[in-house]
Amino acid sequence: MAITAFSGSAVAVEAAPRRRSRIALVLLLPGILYLVLFFVVPLVSLIITSLESQTAPGSGVYQYGFNVQNYSDSIVQYLPQILRSFLYAILATVFALLFSYPLAYFIGVKARRWPLLQSFMLILVIAPFFISFLLRTLAWKTILADEGPVVGTLKALSLLGPQGHITGEPIAVVFGLTYNFIPFMCLPLYTTLERLDVRYLEASTDLYASGWSTFRRVTIPLSLPGIVSGTLLTFIPAAGDYVNASQEFLGGSSSAMIGNVIQSNFLVQSNYPAAAALSIVLMAIILIIVSVYVRRSGTDDLL
Amino acid sequence: MAGGFFAESGADLELKDIHKRFPGFTAIEDLSLTIPAGSFFALLGPSGCGKTTTLRLVAGLEEPTSGQVLIGGKDVTSTKPFQRPVNTVFQSYALFPHMTVLENVAFGLKRRKITDPIGKAHEALRLVELDHLATRKPQQLSGGQQQRVALARAVVNRPALLLLDEPLGALDLKLRRQMQLELKTIQNEVGLTFVHVTHDQEEAMTMADTVAVMNKGRIEQLGSPEDLYELPKTAFVANFLGQSNLFTGEVASSTSTSISVEVGGRKVVVPKARAQVHEGTVTIGVRPEKLTLLAAEPTAESGTNIIGPGRVVDVSFSGVSTQYVVEVPGVGAVVVFAQNMSFGPVVQLGAQAWATWTVDHGFGLSDHPEALTTDADA
Amino acid sequence: MSTQEALALGLATTAKPTPAPRRRIGLGTWLLPTYSVMALVFLLIPIVYTIVFSFNISGKSNIAWNGFTFANWTNVCDQQDVCAAFGASLLIGSISTVSATILGTMIAIALVRYRFRFRAITSLLIFLPMATPEVVIGAGLAAQFLSAGVPKGIGTIILAHTMFCLSFVVVTVKARVASLDPALEEAGRDLYGSPRQVFLRITFPLLLPGILAAALLSFSLSFDDFIITYFNAGTVQTFPTYIYISATRGIPAQANVIASAVFFIAIAIVVISQVAAQSRRKRLGKTP
Ligand SMILES: Nc1ncnc2c1ncn2[C@@H]1O[C@H](COP(=O)(O)OP(=O)(O)OP(=O)(O)O)[C@@H](O)[C@H]1O
Ligand SMILES: [Mg+2]
């Protein structure tokens with residue numbers, strides 16, 4: 001299935017490439033050139049833009065000037081949004097993992113005896129991919145709205161004060177991020193759990209490990225590749241997302257993320273250097289977190 | 001289970017009326033047996049007969065459809081695997097791929113909070129001569145090495161009951177003999193109860209106190225290796241353990257101690273004590289090495305059975321002995337093993353020959369003759 | 001132990017019936033299935049909501065339920081903006097898919113089948129776009145188009161979509177190429193196939209399922225992309241940017257109709273390909 005591509009490189013058993021030939025160059029060149037032109041060059045022009053300064057204060061015209069101050073200025077100015085982005089992304093990743101692991105375990109391990117059920121449940125997991133991401137989020141906005149059923153029920157149960165809201169609050173943003181990235185978490189988990197050999201679990205219980213102990217010492221380590229690619233596939237887009245946090249969707253004035261700031265600086269205020277500097281900061285932090293994380297979890301070969 | 005201590009000694013195992021049905025397939029049919037504490041029990045049978053399933057039921061990895069499992073007199077039928085004083089050497093090894101050899105072996109000890117798990121794990125690895133590979137991952141070992149790690153991982157726990165599912169299958173002959181000795185030593189030393197599943201009848205016969213032959217989810221016969229060999233009770237056992245010549249005929253007459261069966265126009269006598277059925281149509285048999293081949297018709301004596309004459313249709317030399325196949329009209333092929341005491345065959349290919357054996361070497365089977373023929377067709 | 005004892009102990013069939021074993025009630029027996037069903041229901045809530053509200057009698061905004069109607073389905077293009085945006089998305093999706101699939105398949109074949117210098121850096125170049133947040137890609141491309149003076153429009157959107165679909169195509173097709181037995185191509189050459197014939201008659205047909213899967217993935221990524229598109233769209237509206245912009249003043253029910261229709265078509269494609277794969281597996285299973 002197409003979507004299993006998300007589960008990343010773990011699938012392919014790479015055969016030793018055998019030939020050196022001019023054909024390789026012909027095959028590679030167009031695609032690589034394309035990536036250089038439309039991925040590498042934009043990153044470079046982003047870096048250049050991030051170092052520009054205004055020709056005259058308030059002119060709105062920028063020119064190159066190795067203006068490193070853009071970085072310190074925007075980091076200081078937008079520190080809350082930067083920290084918030086990573087906090088929300090981490091929370092969403094943790095919640096998505098907690099939500100998805102049991103589900104993926106059931107589909108991948110327990111449902112093996114019924115292949116039809118397995119395929120059916122898998123299709124339901126990826127079903128959200130096939131309906132507009134924005135419409136799904138708007139649907140949640142309506143369901144979680146102040147007049148909606150969820151807030152009403154919570155108020156009736158006194159779990160939410162009479163003035164309480166969900167939408168516009170950080171909780172709604174984290175909820176939306178979690179919901180939207182659950183399939184990205186579920187699929188890689190499913191692909192590793194589906195190949196989990198239950199005989200290891202049997203051997204573990206035979207060696208005096210209780211159910212919990214078996215889960216912690218055998219199931220989790222054996223499904224680590226899925227956990228790592230699932231968390232990356234959730235964390236990276238969640239940290240840069242700005243749809244969930246924008247005020248027309250689930251966010252409010254106090255829940256803006258770095259993505260919202262980049263978007264408004266670039267598209268609304270036309271403050272290109274600030275937007276570019278923040279983009280570079282976002283990318284740098286993500287790359288650092290990802291490489292530390294991948295190294296720590298001992299799954300280097302995943303990249 | 002009170003963790004932290006090794007089993008003091010082996011425990012006895014009792015299976016009561018066990019049935020195990022998988023969806024659409026009955027793997028175990030009415031299995032009852034008792035294995036006394038400290039014994040070495042071998043389970044022998046063809047592929048797919050339910051040996052692994054039996055072990056899994058004992059280990060608690062499978063629940064019986066009906067029946068009970070008792071270990072040391074305690075009903076453990078609904079106890080979880082990790083609470084049973086049982087360890088298994090799995091047919092597929094099931095070594096944890098994310099742990100080193102040492103971590104694998106220490107796993108059970110750590111779960112039971114036994115003191116000095118690492119030291120004990122090293123000791124177990126030394127026993128199987130793999131201590132120098134302790135830091136490797138299982139994927140970096142050969143098949144036979146993996147098997148020995150699996151053995152060490154189970155044995156190190158000193159379980160009251162050790163289940164071995166073909167633990168020596170991947171080893172070469174020399175290593176296999178050596179491991180057999182090690183296993184026997186461990187078993188004698190601690191007095192553990194071993195249940196050993198194997199395809200190899202020689203291994204079962206040399207190692208076990210008691211051998212059970214399984215077929216299609218049932219135990220066909222259970223007893224000491226000698227008894228199973230000398231006195232098989234069913235055609236299946238007679239042919240699964242070694243080879244047998246089987247004859248079917250009517251009981252013509254019987255005395256207080258023996259029956260006389262009509263085979264190919266001759267009377268063949270079998271002691272009543274060695275025959276399961278004493279009247280009607282019966283199947284009797286004799287092992288090929290018990291037969292003596294003669295080129296001239298022998299004189300009938302009491303205490304000796306004669307069959308023949310027949311024609312020698314095949315002679316094959318196999319070093320220690322020579323195998324003759326004699327086609328006897330009305331009886332069929334009779335196989336004879338003769339020790340190579342002299343140069344050259346006793347009788348030539350195509351010659352006429354008679355076979356004789358001592359009455360006390362014959363045995364009578366319990367199989368219904370019809371069942372036998374359908375069995376043979378299958 | 002004597003044999004007699006063993007026999008007596010072993011084969012003595014106890015006459016008294018033994019109780020049926022109690023079934024173990026564990027975490028896995030009911031908790032996990034119940035949770036899984038509830039989790040799936042949760043995942044489907046907004047989908048069901050979107051589909052249900054495509055049948056709502058609604059005016060400009062489609063938030064409160066006013067009654068059932070088929071009108072939105074029969075008159076999708078009454079809302080011209082929705083239809084135009086949908087058309088633009090289809091066009092962009094198709095062109096980006098075709099170009100990304102061609103470029104990506106070529107790279108995938110080269111990566112698995114050939115040895116060349118700069119392998120590691122090529123792999124990194126493929127991996128990085130997938131590890132870069134969309135805002136960064138969007139802003140980077142927009143900055144580049146800005147400095148190069150390229151006007152934003154359908155063209156820039158297509159260039160952007162082709163770029164981010166490319167990596168996903170490479171990953172998907174690479175898995176397929178790697179699982180392809182090289183002996184099949186060798187057999188083709190052995191049987192007097194020219195390199196061209198071998199590629200067209202053996203390699204390509206065997207890769208086709210992987211290529212189709214990659215194309216499907218590309219199309220769905222392109223069709224649903226909002227962030228990168230928004231940075232590079234200019235005045236052009238795709239289906240997602242249309243929804244984003246209309247979110248404040250209310251989404252017409254026709255948008256739900258289009259989203260639902262796309263959903264049903266996509267699910268149908270997935271189900272059909274699953275069934276086809278299943279029956280192919282069964283057919284192959286019978287003749288080992
Ligand atoms: N989970 C299961 N579902 C259905 N049938 C099963 C299952 N497990 C085992 N069986 C069947 O039960 C029978 C006995 O299997 P078992 O594994 O006990 O055989 P075995 O005697 O160990 O064979 P071998 O010597 O080949 O290991 C086989 O016919 C097998 O196909
Ligand atoms: Mg077996």
Side-chain angles (χ1 to χ4, degrees), chain A residues 2 5 11-15 17 19-21 24 27-28 30-32 34-35 38-39 41-43 45-46 49 99 102-103 106 110 119 121 123-124 127-136 138-140 142 182 236-237 239-240 242-243 248 259 262 266 272 275-276 279 282-283 286 290 303, chain C residues 28 32-33 35-36 39-40 43-44 46-47 49-50 63 103-104 106-107 109-110 112-116 122 125 127 129 131-136 139-144 147 159 163 166 168 171-172 174-175 178 182 213 216-217 220 224 226 240 243-244 247-248 251 259 263 266-267 270 274:
Chain A
V11 188
V13 192
E14 215 157 307
R19 283 168 287 155
R20 205 186 261 274
S21 137
L27 287 172
L28 281 170
I32 296 301
Y34 195 93
L35 282 178
F38 294 103
F39 179 73
V41 173
L43 280 187
S45 70
L46 208 54
T49 309
F99 178 93
L103 178 62
F106 182 78
K110 295 285 171 190
S119 314
M121 292 182 90
I123 289 176
L124 291 187
F129 277 137
F130 300 135
I131 202 150
S132 166
F133 161 57
L134 296 167
L135 279 181
R136 262 185 284 145
L138 284 175
W140 278 123
T142 318
I182 282 172
I236 296 171
Y242 69 81
V243 172
E248 293 80 36
I262 295 173
F266 203 107
Y272 304 121
S279 300
L282 172 65
M283 177 134 185
I286 284 182
V290 166
L303 305 183
Chain C
L32 198 56
Y35 170 80
S36 303
L40 289 176
L43 285 180
L44 295 183
I47 299 177
Y49 177 94
T50 306
I63 289 177
L103 293 174
M106 283 160 55
I107 295 184
I109 293 174
V112 181
R113 281 296 150 85
Y114 295 97
R115 222 150 25 101
F116 50 87
T122 307
L125 192 58
F127 172 77
T132 307
E134 287 191 51
V135 252
V136 179
L141 280 165
Q144 190 193 6
S147 61
L159 288 174
M163 198 285 291
L166 187 54
F168 287 95
V171 172
T172 313
K174 207 176 113 187
L216 218 63
L217 178 66
S220 62
D224 203 27
F226 165 68
I243 292 169
Y244 186 79
T248 28
I251 311 274
F263 175 77
I267 290 285
V270 169
Q274 282 274 305

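Below, all heavy atoms of this structure are taken into account, side chains as well, without hydrogens, waters or symmetry copies. In what follows, chains are A, B, ... by sequence order, proteins preceding strands, each numbered from 1.
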TODO: Compare every heavy atom of A:Phe99 with every heavy atom of C:Tyr35, then report the nearest pair and how far apart it is.
DONE: OH-O, 2.7 Å
Open item on the list: Rounded at 0.5 Å granularity, tell me how far OG in C:Ser220 sits from CG in C:Leu216.
Closed with: 6.5 Å
Open item on the list: Using heavy-atom distances under 4.5 Å, tell me whether A:Thr49 contacts chain C through its side chain, its backbone, both, or neither.
Closed with: side chain
TODO: Answer with side chain, backbone, both or neither: which region of C:Leu43 has an atom nearer than 4.5 Å to a non-hydrogen atom of chain A?
DONE: both
- [ ] Go through the atoms of A:Phe133 and report whether side chain, backbone, both or neither lie under 4.5 Å from a heavy atom of chain C.
- [x] both
- [ ] Pick one of side chain, backbone, both or neither for A:Leu282, based on which atoms fall under 4.5 Å of a heavy atom in chain C.
- [x] side chain
TODO: Output the option from A:Leu138, A:Leu43, A:Leu135, A:Ile182 having the highest count of non-hydrogen pairs under 4.5 Å with chain C.
DONE: A:Leu135
Task: Least distance between heavy atoms, A:Leu46 atom then A:Ser279 atom - done: CD2-CB, 3.7 Å
- [ ] For A:Phe38 and C:Met163, work out which heavy atoms get closest and say how close.
- [x] O-CG, 3.5 Å
Task: Atom of C:Ala143, atom of A:Phe266 and distance for their closest heavy-atom approach - done: N-CZ, 3.6 Å
Task: Heavy-atom closest contact (C:Ala213 atom, C:Thr172 atom, distance) - done: CB-CG2, 4.3 Å
Open item on the list: Among C:Ala247, C:Ala39, C:Pro129, C:Ser147, which residue has the highest count of heavy-atom pairs closer than 4.5 Å to chain A?
Closed with: C:Pro129
Open item on the list: So which residue, A:Val243, A:Ile236, A:Ile286, ends up with the most heavy-atom pairs under 4.5 Å with chain C?
Closed with: A:Ile236
Task: Side-chain donor or acceptor of C:Tyr49 paired with backbone N/O of A:Arg136 under 3.5 Å - done: no
TODO: For residues C:Ala110 and A:Leu28, report the shortest heavy-atom separation together with the two atoms involved.
DONE: CB-CG, 3.6 Å
Task: Residue among C:Leu159, C:Leu166, C:Ile243 with most heavy-atom pairs under 4.5 Å to chain A - done: C:Leu159
TODO: Count the heavy-atom pairs under 4.5 Å between each of A:Val41, A:Ile131, A:Ile32 and chain C, then report the option with the highest count.
DONE: A:Ile131
Task: Winner by heavy-atom pair count (cut-off under 4.5 Å) against chain C, out of A:Ala275, A:Ala276, A:Pro102, A:Pro30 - done: A:Pro102
- [ ] Please look at C:Tyr244 and chain A and tell me whether the side chain, the backbone, both or neither of the residue comes under 4.5 angstrom of a heavy atom of that chain.
- [x] both
TODO: Look at C:Ile267, C:Leu44, C:Thr132 and state which one has the largest set of heavy-atom pairs under 4.5 Å with chain A.
DONE: C:Thr132
